[in-house]
Amino acid sequence: MNPKRFYLNFLRCLFGASALESCIMIPQDLLDILVCPACKKPLILQENPPSLKCGECGRVYPIQDGIPILLIDAATVAPS
C-alpha cells in the first residue's frame, strides 16, 4: 500500500469516521485484482455500508471485519 494513502486513510478513520466500521483498509493492489465471482468484472469499493459493488451485474458483496465476503450467496443485488 502506498504510504501516503495509508496515512490519509488512517487520519480519516481517526478523525473523520463516526464508527470503526466505516474505516475500510483494503490495499489498492488487492482491490485491483478483485473481480465479481458471478461475472468476473472489476469491483468498486463502497464505504457506506462497507462493501464491494460490481458495476456490471450490480451485486454488492459485504465487507465484514475488513474482509471482503465474495460469495455469490452473500451478495445482494443493488437496484439499477
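Along the sequence shown, the residues carry numbers beginning at 1.
The minimum heavy-atom distance between Cys54 and Cys57, with the atom names listed, is SG-N, 3.4 Å. Pro68 and Ile26 make their closest contact through CG-CD1, 3.9 Å (heavy atoms, listed as atom of the first residue, atom of the second, distance).
Residues that satisfy the side chain to side chain contact (heavy atoms under 4.5 Å, CB included) test with Pro37, not counting sequence neighbours, are Tyr61, Leu70, Ile72. Listed by chain and residue number, Gln28 satisfy the side-chain hydrogen bond (donor to acceptor under 3.5 Å, both in side chains) test with Asp32 (two or more places apart in sequence, or in another chain). Qualifying side chain to side chain contact (heavy atoms under 4.5 Å, CB included) partners for Ile69, counting only residues two or more places apart in sequence or in other chains: Pro62, Gln64, Ile67, Leu71, Ala74.
Rounding to the nearest 0.5 Å places SG of Cys39 at 7.0 Å from CZ of Arg59. Note: Ile44 CD1 to Lys41 NZ = 12.5 Å, rounded to the nearest 0.5 Å.
Counting heavy atoms from C-beta on, the side chains of Ile33 and Asp29 never come closer than 4.5 Å. A heavy-atom distance below 4.5 Å is found between the side chains of Leu52 and Leu31.
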